[in-house]
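Excluded from the calculations below are hydrogen atoms, water molecules and symmetry mates; all remaining heavy atoms, backbone and side chain alike, are included.
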Amino acid sequence: MTEAMQRRICLMVAYDGTCYNGWQYQPNGRTIEEALNRALTDLTGEAVAVSGASRTDAGVHARCNYAVFDTAVRMPAEKFAYALNQRLPEDIRIRSAKEVAPDWHPRKCRSIKTYEYRILNEEFPDPLDRLYAHFTYRALDVEKMREAARFLVGEHDFKSFCSIHTQAETTVRTITALTVEKEGSVITIRVSGTGFLYNMVRIIAGTLMEVGAGKYPPGRVAEMLDAQSREMSGPTAPARGLTLVDYKFL
């Protein structure tokens with residue numbers, strides 16, 4: 001096969017991350033990337049390796065992550081979704097497939113990603129929500145959480161809100177929108193931005209919950225940003241409450 005015969009296919013991937021050690025391939029762990037590679041290799045007869053847009057952590061879910069792969073198979077692009085869904089486990093599904101330019105990659109495009117962090121705020125946990133929402137019995141003041149969230153919107157150095165293990169060249173990021181809504185006993189933190197650091201959304205969620213519980217006043221969040229120290233912000237919220245819900249290419 002010659003290089004000229006290769007096509008690039010883009011997949012929109014949805015998954016329940018509960019049983020996976022994140023997106024990225026690991027030699028001793030079950031991952032979304034590994035499952036996609038196995039299904040594609042079985043389908044095409046080629047040694048296929050996908051490249052993903054967002055490398056979600058263990059236990060994190062997604063409705064619209066993206067991945068690209070190269071193949072010489074002449075199957076119509078949209079048919080890859082149907083063929084792969086017959087080979088993938090039921091907690092991973094391809095929502096669409098299309099052919100893109102040979103040099104196109106989602107991580108090289110300007111985009112806005114949106115995550116939602118769901119919190120079940122009741123006296124007792126609900127077993128039907130245990131995989132998709134973080135449970136806390138502590139009363140959370142949503143208005144204080146909203147007030148604190150406003151300090152995080154815009155371009156800032158988010159060093160205080162990322163894991164100390166980050167390998168990013170810069171910790172400056174832009175949050176374009178950050179809302180906190182409550183419907184019944186479920187609080188949803190929805191955050192959009194042009195890019196996120198390792199554990200950034202989960203640390204924001206953990207910090208806003210601490211504000212809501214009264215541990216910090218809302219204005220302390222501005223001080224956390226200025227401190228540029230992970231020790232100053234709140235805990236990293238559990239992965240199960242986090243879902244990548246939207247991914248717009250600009």
Got a list of side-chain donor-acceptor pairs under 3.5 Å for residues 49-58, not counting sequence neighbours?
unit_1	atom_1	unit_2	atom_2	d
Ser51	OG	His105	NE2	2.6
Ser54	OG	Tyr115	OH	2.9
Thr56	OG1	Tyr15	OH	2.7

With a cut-off of 3.5 Å and sequence neighbours excluded, list every side-chain donor-acceptor pair involving residues 180-188.
unit_1	atom_1	unit_2	atom_2	d
Glu181	OE1	Arg146	NH2	3.3
Ser185	OG	Glu122	OE2	2.6

Side-chain donor-acceptor distances from residues 89-99 under 3.5 Å, at least two apart:
unit_1	atom_1	unit_2	atom_2	d
Asp91	OD1	Tyr20	OH	2.7
Asp91	OD2	Tyr20	OH	3.4
Arg93	NH1	Pro89	O	3.0
Arg95	NH1	Arg63	O	2.6
Glu99	OE1	Arg7	NE	3.3
Glu99	OE1	Arg7	NH2	3.1

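Listed by chain and number, the residues in a salt bridge (charged side-chain N to carboxylate O under 4.0 Å, His left out) with Arg118 are Asp129 (sequence neighbours excluded). The side chain to side chain donor-acceptor pair (under 3.5 Å) search around Arg107 returns none, not counting sequence neighbours. Not a single side chain to side chain donor-acceptor pair (under 3.5 Å) links Ser229 to another residue, sequence neighbours left out. Shown here are the ring pair (Phe, Tyr, Trp, His ring centres under 6.0 Å) partners of His134, two or more places apart in sequence or in another chain: there are none. Applying the salt bridge (charged side-chain N to carboxylate O under 4.0 Å, His left out) criterion to Lys248, with sequence neighbours excluded, gives Asp246. In this view, Lys215 and Glu210 satisfy the salt bridge (charged side-chain N to carboxylate O under 4.0 Å, His left out) rule, not counting sequence neighbours. Residues meeting the side chain to side chain donor-acceptor pair (under 3.5 Å) test with Asn85, sequence neighbours left out: none. Asp226 pairs by the side chain to side chain donor-acceptor pair (under 3.5 Å) definition with nothing, not counting sequence neighbours.
Atom OH of Tyr137 has 12 or fewer neighbouring heavy atoms from other residues, nucleotides or ligands inside a 6.0 Å radius.
Close placement of the Tyr66 and Phe249 rings is indicated, their centers lying within 6.0 Å of each other.
Pairs passing the side chain to side chain donor-acceptor pair (under 3.5 Å) check and including a residue from residues 154-170, sequence neighbours excluded, read Asp157-Thr171.
Residues Glu46 and Thr71 have side chains that bring a donor and an acceptor to within less than 3.5 angstrom of each other. A side-chain donor-acceptor contact under 3.5 Å links Thr236 and Arg230.
Atom CG of residue Leu178 and atom OG1 of residue Thr114 lie 11.0 Å apart, to the nearest 0.5 angstrom.
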